[in-house]
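Here the structure is laid out as structure tokens; the discussion comes afterwards.
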Amino acid sequence: MSLVLTNRIGLKDSHTLSVYEKTGGYQSIQKLFSMTPQGVIEEVKTSGLRGRGGAGFPCGLKWSFVPQNTGKPTYLCVNADESEPGTFKDRLLLEEDPHQLIEGILIASYAIQSHTAYIYIRGEFDLSYRRIEAAVKEAMTKGYLGKNIFNRGYELKVTIHRGAGAYICGEETALLESLEGKKGQPRIKPPFPAVVGLFGCPTVINNVETIAALPFIITQGAQSYRKWGTEKSPGTKLFSVSGHVARPGNYEVPLGYPLKDLIYKDCGGIPGGKKLKAVIPGGSSVPILTALEAEKVKLDYESLQEFGSMLGSGGVIVMNENVDMVWALQNLARFYAHESCGQCTPCREGTGWVDKILRRVLLTGASEKDYALLREISENMAGKTICVLADALAMPVLSYLKKFPEDFKKYLTRQNVVPQMQII
Amino acid sequence: MEFTPENKKKFDELLPRYPTKKAALLPTLWLVQDQYGFISQEAMEYVAHLLDVSPAHVYSVVTFYTMFHQKPVGKFHFQVCRTLSCALLGSETILEHLKKKLQIQENQVTKDGKFSLCTVECLASCGTGPAVMINESYYENLTPGKVDEILKGCT
Amino acid sequence: MSDITFTIDDQKVAVLQGTTVIQAAKKLGIEIPHYCYHPGLSIAGNCRMCLVEIEKMPKPVIACNAVATEGMVVRTQTAAIKKMRESVMEFLLINHPLDCPTCDQAGECRLQDYYMQYDVIPSRFEEKKVHKNKMVDMGSGVMLDEERCIACTRCIRFCQEVAKKDELTLAYRGDHVMITPFPGKKISNAYAGNVVDICPVGALTSKDFRYKKRVWLLKKTPSVCPGCSRGCAILIHHADQKVYRLMPRLNPEVNQYWMCDEGRLGYKFINENRIVRPHIQVNGQIQAVSYENAHEKLGQLIANIPWELLAVVAHAGLTTESLKAIEYFSKNVLKTKAVYFSRNEPLNPSFDDFLITVDKNPNQAEVDKLAFKPLANLEKASGLFVFCDLSEKDLTQVTRQAIPILGSWASNESAVSKRAQVVFPIPTYAEQDGHFTNVLGFEQKTTKAFAPRGEGRSVVQSLRELEGILIGTGAQLKTAARC
């Protein structure tokens, strides 16, 4: 089925300009320049495209916050710092279809009247880096980027900026700090990046997947995009499925797609005849779903909210009946403690504390007091810090405790236990 | 220290990409690490001088980002993903296997300097776990058997 | 600039546009607890202690970064806010060593203060604390205990923004963050002592002060630093007639919140090498005597000299009151026109474009107003009265000119006091009320922190007594009015 983002995936040399051009690439440009920047923003607003990095903020609306005629440059930053555990969709788009991203960058830049775009790519993505770097060079040579694009007097320079190992740089203001040559410590807001962003200038930060959807929206029109998805969550989304499924991988599906179908039809179900136990639907920081909930929920912003979770980045982690949820939670707690930037007190101290408690529970058993404390630490972290990294641990802690009480109960009776699963 | 002529050229090309010199810090540190395999204190001071920033600032940046090494790593630097998706698929088996094979613990380098081992957080290779990054390349869907083959190829 | 009216805890407050909630609350006398916020530094917003509730905001907001808007409704005392403060305290203390009995900050530590106000619950932390380095010498007399650090970054921002030296940083991340200079380097700015003052906890302590005195045993007296013509407003911390440390005191026009290290450590002369009794020279030997005997000796020395041939030298480090008394005494008692000044003139004086001035005399402006002449202009005199001290250059000159130093009024022993025939002990600036006029023309007051050492008497009192003895008891020193 031809969709929006992944039509070229699987084609030989899909990352090259020649394949991209042969398969309808860069077709939006003529149309783009026939539109006003405001017109492009309106088209994207109409499409209902929402930010695919995790927050789901309407893309066109975000663009419309950028002040015009400030006398300063406006920047576009592409967030390619994909690091949310369970998420590997941007890597696919970068490695396999970099020109689609570049075409999207041209659209977004034109809409906000930016002449400089930075792609902030995570340090580990070596192949992605090389592919996008080569693609930018090709696009420059062909005049899709550079000075006076298509003789329309519009100039766009794209710079690729490589991260160096820090999850937090996916947070948009941490990304800006990192781009400016600093530690990736999120900034206090206000001011917001749309007004005071990169180098103190108006800045839009968009996720790779968000940008990659733009060529389709401009070429085919907002209404074509809205063919897919639901009224409130239009379009398609890439879901990265990992864990206990027969065919893990990236799947582009219309929003509103049943999670059950994704797991059982597309991914071939749970291998080894095992039962489903839990699903993280949107990257490791969103509240977890039980098997029962996973059977019912649809993959769109609203439906997941009804089940107390979030669409997030679309990283779907599937766990079978053998998984010990205390173990799984400790694994994530360690991740967030490791990735806390260390700025805000509740996050710096709280994430490490949660990790240590869970590790002790796994090794020597727990008391009810420990679980009460975990809940309270989580409540004390969530919503109290500059960015949402603390919330990203608090949400799993609270939801795992609530939804899998049996797993936690087991540790109450076990003293000096050997953990069911290996702590790593 | 000093950049090789080739790296100096790359460095010179970096500066015009940003409106401030400071913004070129991460790519400049990457160049240093490419040249030496790690970032020494001397190199940090050199970079600080090149970019008109303080050595203290460079130090804070080097210590913040986990991919920057302050000490040499092995010729083959094994970085085992330990985050949930890979852990569900047995990354601890891969790690234990590597420890046994290489006779080193995490964050250690073999005596001959050939191998080093560490764990890392999610590599965005969740659908193809367990995953290990060796130097800058991903190795995916690993089993102890596949690890043995990879080790054989490390020359 | 227009006025904004808004509400904090049901109290209306009018402030200028741009005022933050934390500043406005202070105006109302409402304390919003905080660690990282400092009015003299940029906003970091990391400690999260100053969270307040603002109507229509979905989440609690940090008061240090919230700019007041018209009609805003702020609450700082709700149950939820109290719980947040309690939780921030708990977070800050889990990895803290809780070593108050051996910590120099005890008594002026915000962790202690806020714990008593907002937390007071036993620790629920049963895990292993993160261990870090203790007793790290940061240079410039600053010691660091990494385990006590709460990573508020005040010290880093001070070095960057005030001292203009980006030499401290927060390295690593998560609960392993640590304040550090570049490895192998030390803090080298001339204002490093301020990082100790602004450290809200016991992480940064002063090498000079630590382990000397528990802070609750110290009295604090407002004064003026005599180290240079800037005259930074200070607090003298003292006990039992001894100064333990100087700390800057806010004066927005003179020194803001800060002072330099040179000035900070310039208190030692108050404690050491003091002249505590009058003394005279007898056959080349110094002999302590009573005031009566000292006066008698001085009287004898000048009995056969025309007084108008005597020269008087006042030091530019004396208080205005002392200078005026010297002027009066010279003019009306000795009736000499030979009134000169001497001053501190180090060979390589420190200076910068912030607080440190090249003129190391706190009251030169007043000396200039009184039109005292530089001692270099002195050609001859039958004898000298020296108040305070002479510069090395001036002493060499009068020695060369073979002018005898008949009287010396000094707080500390010096080459001058050793040569003088009669010496009267006087208090330092810390031991008397007085005034200095600084290089910008601001007159500031020094306050008597404690009684003068030994038998010391102020210049004013000493000259008043001498006046009575020399020209009859009826006369009164007019400048005494302000003392």
Side-chain angles (χ1 to χ4, degrees), chain A residues 73 82-91 116 118 122-127 157 159 161-167 169 178-185 198-199 201 240-244 248-250 280 284 315 317-320 323 327-328 331-332 334-335 338-339 341-342 421-424, chain B residues 14 16-30 33 47 51 53 57-58 60-69 79-96 106 119-131 133 135-138 141:
Chain A
E82 180 173 59
S83 324
E84 174 78 1
T87 316
F88 47 95
K89 64 188 177 67
D90 295 338
R91 189 180 145 211
T116 311
Y118 290 97
R122 93 173 263 201
E124 290 88 343
F125 283 4
D126 186 55
L127 179 59
K157 197 175 91 178
T159 294
H161 188 92
R162 188 177 170 203
Y167 164 75
C169 289
S178 185
L179 240 170
E180 289 182 8
K182 302 177 216 164
K183 291 178 287 181
Q185 292 194 322
L198 188 63
F199 307 114
C201 301
S240 307
V241 190
S242 65
H244 297 139
N250 280 301
I280 298 173
S284 65
I317 304 176
V318 181
M319 293 180 243
N320 71 19
V323 177
W327 169 88
N331 184 287
L332 293 182
R334 190 216 56 239
F335 173 83
H338 184 262
E339 299 300 335
C341 84
M421 298 175 79
Q422 198 69 40
I423 304 175
I424 181 170
Chain B
L14 283 177
R17 296 182 192 170
Y18 307 94
T20 65
K21 272 189 173 182
K22 193 181 202 171
L25 181 53
L26 262 64
T28 306
L29 289 171
W30 275 120
Q33 189 154 301
V47 169
L51 298 176
V53 296
H57 177 78
V58 178
S60 78
V61 167
V62 170
T63 58
F64 185 86
Y65 296 96
T66 53
M67 292 183 80
F68 290 141
H69 309 308
Q79 301 149 86
V80 183
C81 175
R82 59 175 176 175
T83 318
L84 189 55
S85 296
C86 281
L88 285 169
L89 299 172
S91 49
E92 96 279 352
T93 318
I94 304 299
L95 180 66
E96 289 312 313
E106 281 173 62
T119 53
V120 292
E121 299 298 352
C122 187
L123 291 169
S125 189
C126 321
T128 39
M133 186 163 84
N135 299 340
E136 304 202 318
S137 306
Y138 279 33
N141 296 311

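Computed from a predicted model, the values in this text were never measured in an experiment.
- Of the listed residues A:Glu82, A:His338, A:Lys157, the one with more heavy-atom pairs under 4.5 angstrom with chain B than any other is A:His338.
- Looking at B:Pro130, neither its backbone nor its side chain comes within 4.5 Å of chain A, counting heavy atoms on both sides.
- With chain A as partner, the option from B:Pro19, B:Pro27, B:Gly90 having the largest number of non-hydrogen pairs under 4.5 angstrom is B:Pro19.
- Heavy atoms of A:Phe199 lying under 4.5 Å from chain B belong exclusively to its side chain.
- To the nearest 0.5 Å, atoms OG1 (B:Thr66) and OH (A:Tyr167) are separated by 14.0 Å.
- The side chain to side chain donor-acceptor pair (under 3.5 Å) search around A:Arg91 returns A:Glu95, B:Glu140, not counting sequence neighbours.
- By the side chain to side chain donor-acceptor pair (under 3.5 Å) test, B:Tyr138 is found to be paired with no residue, residues two or more places apart in sequence or in another chain being considered.
- Among A:His244, A:Gln185, A:Lys182, A:Glu339, the residue with the largest count of heavy-atom pairs under 4.5 Å with chain B is A:Lys182.
- In this structure, chain B has no heavy atom under 4.5 Å from any part of A:Leu198.
- With respect to chain B, the highest number of heavy-atom pairs below 4.5 Å among A:Ser178, A:Gly315, A:Gly342, A:Cys169 belongs to A:Ser178.
- Atom CG in B:Asn135 sits 10.0 Å away from atom CG in A:Asp126 (nearest 0.5 Å).
- Highest contact tally toward chain A, considering only B:Leu84, B:Thr93, B:Leu29, is held by B:Leu84 [criterion: heavy-atom pairs under 4.5 Å].
- B:Leu89 touches chain A through its side chain: at least one heavy atom from C-beta onward sits under 4.5 Å away, while N, CA, C and O do not.
- When heavy atoms are compared at a cutoff of 4.5 Å, B:Ser137 does not approach chain A at all.
- Between the side chain of A:Asp90 and the backbone N or O of A:Ser83 there is no donor-acceptor pair closer than 3.5 Å.
- Listed for the B:Trp30 side chain is a donor-acceptor partner under 3.5 Å among the backbone atoms of A:Gly163.
- Top candidate by heavy-atom pairs under 4.5 Å with chain A, chosen from B:Leu95, B:Val62, B:Thr83, is B:Thr83.
- Side-chain atoms of A:Ser240 come within 3.5 Å of backbone atoms of A:Lys89 as a donor-acceptor pair (strictly under, hydrogens ignored).
- Side-chain polar atoms of A:Thr159 and B:Tyr18 form no donor-acceptor pair below 3.5 angstrom.
- With hydrogens and angles ignored, the 3.5 Å screen pairs no side-chain donor or acceptor of A:His161 with any backbone N or O of B:Leu26.
- In terms of heavy-atom pairs under 4.5 angstrom with chain A, the leader among B:Cys126, B:Ala87, B:Gly129 is B:Cys126.
- For B:Ser125, the parts lying under 4.5 angstrom from a heavy atom of chain A are both the backbone and the side chain.
- When B:Glu121, B:Met133, B:Glu136, B:Gln79 are compared by the number of non-hydrogen pairs under 4.5 Å with chain A, B:Glu121 comes out ahead.
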